Amino acid sequence: MSRKNTNPSRRFATPQSLSDWLRPRLPYDSFASWGVKPGTKNVHSLWLEIADGETSLADSTPPVRTLDVVIVRIIGQDGRILIESHQELSDGTVRKRCRPLSEKMKPRESVEDAVARAVREELGSIIGDSCDLRIVPNSYAKKVEERVSVSYPGLPACYVLHSVDAWVEGLPDGEFCTEEGEEYENSEENKVADEAISCKKHYWKWVDSDSA
């Protein structure tokens, strides 16, 4: 399976320096809605993504946010697919998802390692850390999508999507909710992480495979 791109990212010393750089490069109304419009994230969240190497920004107007994302289509015993219906963010707002489990990849992380981490972080509160995870052989696919970011309105994004099908034992048959630990609990920039908007709860349901 293809590995994550490791192109160097533009760095910013502080969230404020990132904000100052972005402000003249983005539509004012869009940028002003970050962290204010329900379901969006703030500059602190984007700064942490860049600092952790999950996201890179092109030096352009507008900038383009590029990131690799792993998508895990979890298959149930009846052939249905697990999707995340919506998320509850740390600021109390809710955003719709309607997509399979997905997670930003870390620098130099293999697809297999990213799949295991994504399942552990987003489903671990209900199935435990040592879950039975098996990737379906020959299910890997890669594609690129370009669209405006939902988390950061007005910011164009290029998503490099790495998708696999997988079986995960121990999941409930009906709808359920999982809790995610502090997204940046191991970040050295704890003060920034405290101000960032992150996902706290995931809400899941099973759907027919042709609608996933």
Side-chain angles (χ1 to χ4, degrees), residues 9-71 83-107 118 121-122 125 144-161 175 177-205:
S9 172
R10 183 183 179 92
R11 299 288 175 165
F12 300 89
T14 63
Q16 185 61 53
S17 64
L18 172 59
S19 179
D20 292 343
W21 185 83
L22 285 170
R23 187 172 290 106
R25 292 172 168 82
L26 294 175
Y28 172 79
D29 290 346
S30 297
F31 185 58
S33 72
W34 289 21
V36 177
K37 181 181 178 180
T40 64
K41 295 185 177 181
N42 57 16
V43 170
H44 296 77
S45 303
L46 181 60
W47 186 87
L48 286 168
E49 290 183 17
I50 297 170
D52 287 351
E54 297 174 340
T55 286
S56 64
L57 285 181
D59 191 356
S60 57
T61 302
V64 178
R65 172 180 174 240
T66 298
L67 61 160
D68 285 64
V69 177
V70 66
I71 298 175
I83 68 164
E84 184 179 21
S85 60
H86 58 284
Q87 295 178 341
E88 181 180 323
L89 302 182
S90 57
D91 63 353
T93 61
V94 173
R95 64 175 178 176
K96 295 182 179 179
R97 296 286 282 175
C98 297
R99 66 184 65 176
L101 187 156
S102 59
E103 182 73 21
K104 297 183 293 294
M105 295 178 68
K106 303 288 187 182
E121 289 182 358
E122 298 199 6
S125 67
V144 176
E145 289 187 0
E146 296 181 356
R147 59 181 185 270
V148 175
S149 173
V150 174
S151 298
Y152 308 104
L155 181 64
C158 176
Y159 299 89
V160 183
L161 305 176
E175 296 184 11
C177 170
T178 58
E179 296 188 11
E180 185 164 344
E182 295 296 331
E183 189 172 355
Y184 298 103
E185 61 183 349
N186 296 321
S187 171
E188 295 180 359
E189 306 293 343
N190 289 327
K191 184 176 180 180
V192 176
D194 288 342
E195 297 186 51
I197 296 175
S198 58
C199 180
K200 290 298 183 182
K201 292 184 179 180
H202 305 268
Y203 293 83
W204 309 92
K205 66 180 181 179

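On a predicted model such as this, the values are computed, not experimentally measured, just so you know.
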- Are R99 and I83 close enough, and set up right, to give a side-chain contact (heavy atoms from CB on, under 4.5 Å), and what steps lead you there? CA-CA 5 Å; R99 66 184 65 176; I83 68 164; 5.9 Å; no
- Query: Would L67 and V69 satisfy side-chain contact (heavy atoms from CB on, under 4.5 Å), going step by step from the backbone distance to the final call?
  - Reply: CA-CA 6 Å; L67 61 160; V69 177; 3.9 Å; yes
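For the side-chain hydrogen bond (donor to acceptor under 3.5 Å, both in side chains) test, no residue two or more places apart in sequence or in another chain qualifies with S90. Looking at residues two or more places apart in sequence or on another chain, you find a side chain to side chain contact (heavy atoms under 4.5 Å, CB included) between P156 and P62, V64. By the salt bridge (charged side-chain N to carboxylate O under 4.0 Å, His left out) test, E84 is found to be paired with R97, residues two or more places apart in sequence or in another chain being considered. In this structure R95 satisfies the side-chain hydrogen bond (donor to acceptor under 3.5 Å, both in side chains) test together with Q87, S151, sequence neighbours excluded. E175 pairs by the salt bridge (charged side-chain N to carboxylate O under 4.0 Å, His left out) definition with nothing, not counting sequence neighbours. The side-chain hydrogen bond (donor to acceptor under 3.5 Å, both in side chains) test applied to S19 returns R23, not counting sequence neighbours. Considering only residues two or more places apart in sequence or on other chains, Y203 meets the ring-ring contact (aromatic ring centres under 6.0 Å, His included) condition with H86. T93 is linked by a side-chain hydrogen bond (donor to acceptor under 3.5 Å, both in side chains) to D91, counting only residues two or more places apart in sequence or in another chain.
When only modelled atom types and interatomic distance are considered, N42 and S45 share a side-chain donor-acceptor pair under 3.5 Å. Using modelled atom types, one finds a donor on one side chain and an acceptor on the other under 3.5 Å when comparing W204 with T178.
Between E180 and the options K200, K201, H202, a side chain to side chain donor-acceptor pair (under 3.5 Å) holds for only H202.
Here the side chains of L22 and L46 are in contact, with some heavy-atom distance below 4.5 Å.
Listed for the Y159 side chain is no donor-acceptor partner under 3.5 Å among the backbone atoms of V144.
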Side-chain donor-acceptor contacts of residues 25-39 below 3.5 Å, not counting sequence neighbours, with atom names and distances?
residue, atom, partner, partner atom, Å
R25, NH1, W21, O, 2.7
S33, OG, S30, O, 2.6
W34, NE1, P153, O, 2.8

